[in-house]
Participant: 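There's a structure below that I have some questions on.
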Amino acid sequence: MSLAYQFHPTVLREYDIRGVIGKTLGPDDARAIGRAFGSMVVRSGGKRIAVGYDGRLSSPGLEAALVEGLTSTGLHVVRIGLGPTPMLYFATRHLPADAGIMITGSHNPPDYNGFKMMLGKAPVFGETILEIGKVAAAGDFVTGEGSAETVDIRDVYVDRLVQDYDGTTPLKIVWDAGNGATGDILRRLVKKLPGEHVTLYDDIDGTFPNHHPDPTVPENLEDIIERLHAEKAAIGIAFDGDGDRIGAIDEKGRIVWGDQLIAIYAADVLKTHPGATIIADVKASQTLFDEIARLGGHPLMWKTGHSLLKAKMAETGSPLAGEMSGHIFFADKYYGFDDALYCAVRLIGLVSRTGPLSALRDRLPPVLNTPEVRFQVDEERKFASVREIQERVRASGAQVNDIDGVRVTTPDGWWLLRASNTQDVLVARAEAYSAEGLERLKASIREQLKLSGIAAPEGF
Ligand SMILES: [Zn+2]
């Protein structure tokens with residue numbers, strides 16, 4: 001019997017493996033991922049792999065099948081059980097292990113699930129994900145007598161998180177785990193942190209009965225903001241479904257966006273790493289890059305995508321990087337992976353020492369911006385249209401950054417058009433110093449889209 005296996009064509013993606021349970025993804029896929037990725041780990045000299053899973057209803061079944069596939073290649077599997085994605089990243093460092101796999105659907109709807117992988121200390125993405133499909137399709141599996149053990153690292157992980165707390169005044173904090181995989185760790189964490197803590201939705205529940213666990217969507221933050229006002233808390237902290245993205249609220253009840261958080265952290269990190277490179281993605285505000293330069297750091301704009309940022313960070317030796325989406329990476333005192341619980345500990349510490357959070361947020365000059373507007377385009381034309389627009393605006397003499405799509409800076413501010421790596425959509429965003437400026441930037445986006453035969457999205 002051949003073990004060769006074909007995945008549904010949509011599940012092997014740029015940054016992860018993801019699908020809809022019962023439609024494009026199930027235990028057979030998990031077993032095949034175990035065989036294929038396990039074979040790649042063995043061939044690269046690895047012996048041990050850590051496996052964790054999130055709170056989705058489908059996760060335990062996928063985990064069991066995955067472990068079966070992994071042990072069939074001769075690997076020793078360390079099962080760390082239910083928890084956030086960064087706990088799995090931590091496990092690969094702490095145990096240590098030669099690789100890691102997290103079963104998580106992140107912030108996606110309850111019927112989704114997926115896999116995030118690490119090989120050595122690096123995230124697996126792009127070509128390496130496609131390689132898993134090739135190994136499986138060829139049935140080119142290593143076979144061996146593997147084994148598995150269960151290790152509870154929850155308290156070790158929480159102790160490591162708390163180790164870098166450096167606050168002075170204890171604060172009152174409201175937390176929202178959104179019924180995601182962070183709930184149990186959050187309860188352990190707040191017991192060890194100074195201050196007063198109010199936790200919302202810390203029961204792990206894969207049906208997400210209260211709100212969706214995605215802190216970049218303002219409506220998901222309504223409950224925490226209401227509670228923050230009622231409790232007169234100093235900070236609100238929310239996590240996405242698997243704890244690798246953070247959302248924050250200042251004591252006035254305002255959302256502190258990903259790029260604003262990076263600016264706040266940068267001020268702290270640059271004190272101990274003067275002149276360091278701080279990285280943020282192309283969707284981030286110009287005020288962040290200006291602030292990093294003002295603080296004596298070296299601002300670096302890079303491509304959107306947490307795996308890409310992590311790789312750039314390792315390459316440049318940067319102590320801090322982040323995305324608008326709330327993926328923030330500390331290599332200062334920590335391991336350089338995106339751990340929202342760790343980001344929370346650092347935020348509380350620095351607000352306690354230098355706050356309030358509203359004042360830290362308001363150090364950045366006010367700007368007007370559009371949200372990130374995503375609109376559907378023909379997949380065939382997606383990258384080509386962005387290239388056309390790049391060429392046209394460059395020919396017009398504009399100041400263009402083409403690291404990821406086209407980001408044009410003008411005296412009014414900047415506008416961005418980029419192609420999503422994972423969906424048939426273009427992403428548009430603009431930021432200006434005045435309302436009239438914002439209209440002019442939006443008009444430029446409309447004009448460029450029209451010249452490429454693409455209908456402008458609503459709001460532009
Ligand atoms: Zn996530």
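Both counts, for ligands and for their atoms, begin at 1 and track the order of listing. Here the structure is a predicted model, which is why all the values come from computation and not from measurement. One-based numbering along the sequence shown. These numbers come from the heavy atoms of this one structure, side chains and all, not from hydrogens, waters or symmetry mates.
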Participant: Would you mind naming the N, O or S atom of D244 nearest to the Zn ion (ligand 1)?
Facilitator: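 Sorting the N, O and S atoms of D244 by distance to the Zn ion (ligand 1) puts OD1 first.
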Participant: So, for Y201 and H211, is the gap between ring centers shorter than 6.0 Å?
Facilitator: yes
Participant: Is the F90-Y342 ring centre distance short of 6.0 angstrom?
Facilitator: no
Participant: Which atom, among the N/O/S set of D242, is closest to the Zn ion (ligand 1)?
Facilitator: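 That would be atom OD1.
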Participant: Hey, are the side chains of L320 and D332 touching, using non-hydrogen atoms and a 4.5 Å cut-off?
Facilitator: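 With C-beta onward as the side chain, the pair stays apart.
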Participant: Return the orientation label for the H327 and F329 ring planes: parallel under 30°, perpendicular over 60°, tilted otherwise.
Facilitator: parallel
Participant: Taking just the N, O or S atoms of D240, which one is nearest to the Zn ion (ligand 1)?
Facilitator: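 Of all N, O or S atoms in D240, the Zn ion (ligand 1) lies closest to OD2.
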Participant: Are any N, O or S atoms from T104 nearer to the Zn ion (ligand 1) than 2.8 Å?
Facilitator: no
